[in-house]
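Following: one structure in structure tokens, then a few remarks.
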Amino acid sequence: MKKIELTYYGMVISKKNTKRIIRNAKTGKPMMISNKAALANEHDMINQFSVQTLAQDKPIGKCKISIVIYEPNLQRRDLDNQATSILDALTRSEVIKDDSIKCVKELNVRLGGIDRENPKAIITITEEKG
């Protein structure tokens, strides 16, 4: 059973809580997109995860994921939305195949505490057989 631990150094920004509405230039219809800070945060996570998994030859399939988030302060944030941002980055960086229930069989998210100097997220991924 393969187990890897990744650390994202920085504050996790929820893409879900940073959406904004714009108009599609071609159709004129409204659409929702994440703001620039959330997209930059996702790209930062993807880069950090990619560097930490250089030796990984293929994405992990079925797995259990545990996330411990250390916030910079007590400002209101939703752990579940932060977890979604982390799962999206894990998928886009090809650490895991997918973040659906076909692959992620168990997800645990908890607040590890406040770390004003070094906010981070520690992600443990345990591959399951089959």
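Because the structure is a prediction, the values reported are computed rather than measured. Worth knowing before you read on, the calculation uses all heavy atoms, side chains too, and leaves out hydrogens, waters and symmetry mates.
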*Please report the shortest heavy-atom distance between S93 and F49, naming the atom on each side.*
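Heavy-atom minimum between the residues: OG-CB, 3.7 Å.
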
*Are the side chain of R23 and the backbone of G28 linked by a donor-acceptor contact shorter than 3.5 Å?*
yes

*asked:* Taking D80's backbone N and O only, do any of them form a donor-acceptor pair with D78's side chain (distance below 3.5 Å, no angle check)?
replied: no

Just wondering, do [Y] and [X] contact through their side chains at under 4.5 Å, heavy atoms?
{"X": "P59", "Y": "E94", "value": "yes"}
{"X": "N108", "Y": "I67", "value": "no"}
{"X": "R110", "Y": "L79", "value": "no"}
{"X": "C103", "Y": "I96", "value": "no"}

*asked:* For A37, give me all partners under side chain to side chain contact (heavy atoms under 4.5 Å, CB included), at least two apart in sequence or on another chain.
replied: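 Residues passing side chain to side chain contact (heavy atoms under 4.5 Å, CB included) with A37: I13, N35.
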
Nearest-0.5 Å distance, [atom1] of residue [X] to [atom2] of residue [Y]:
{"X": "T124", "Y": "I65", "atom1": "OG1", "atom2": "CD1", "result": "10.0 Å"}
{"X": "Q82", "Y": "L87", "atom1": "CD", "atom2": "CG", "result": "12.0 Å"}
{"X": "I86", "Y": "I122", "atom1": "CD1", "atom2": "CD1", "result": "10.5 Å"}
{"X": "E71", "Y": "L111", "atom1": "CD", "atom2": "CG", "result": "6.0 Å"}

_Using the rule that Ile, Leu, Val, Met, Phe, Trp and Tyr join whenever any side-chain heavy atoms are under 4.5 Å apart, tell me whether I46 and L90 fall into a single cluster._
no

*Treating Ile, Leu, Val, Met, Phe, Trp and Tyr as nodes and any side-chain heavy-atom pair under 4.5 angstrom as an edge, say whether V68 and L107 lie in one connected cluster.*
no

_Remaining members of the apolar cluster that contains L74, side-chain heavy atoms under 4.5 Å_ =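 Reading the cluster by chain and number, L74 sits alongside I114.
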
*Taking side-chain hydrogen bond (donor to acceptor under 3.5 Å, both in side chains) as the test, write out the residues that go with R92, two or more places apart.*
E42

_Tell me every residue that passes side-chain hydrogen bond (donor to acceptor under 3.5 Å, both in side chains) with N118, counting only those two or more places apart in sequence or in another chain._
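So N118 forms no side-chain hydrogen bond (donor to acceptor under 3.5 Å, both in side chains) with any residue.
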
*Determine whether more than 12 heavy atoms belonging to other residues, nucleotides or ligands lie under 6.0 Å from atom CD of Q56.*
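Result for CD/Q56: enclosed.
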
Could you tabulate the donor-acceptor pairs under 3.5 Å formed by side-chain atoms of residues 1-12, not counting sequence neighbours?
residue : atom : partner : partner atom : Å
Y8      : OH   : N41     : ND2          : 3.0
Y8      : OH   : D44     : OD2          : 2.9

*If you look only at pairs with a residue in residues 95-106, which of them pass as a salt bridge (charged side-chain N to carboxylate O under 4.0 Å, His left out), with sequence neighbours excluded?*
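Qualifying pairs, neighbours excluded: K64-E106.
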
_Option from R116, R77, K120 for which side chain to side chain contact (heavy atoms under 4.5 Å, CB included) with P72 holds_ =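 Checked R116, R77, K120 against P72; only one passes side chain to side chain contact (heavy atoms under 4.5 Å, CB included): R77.
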
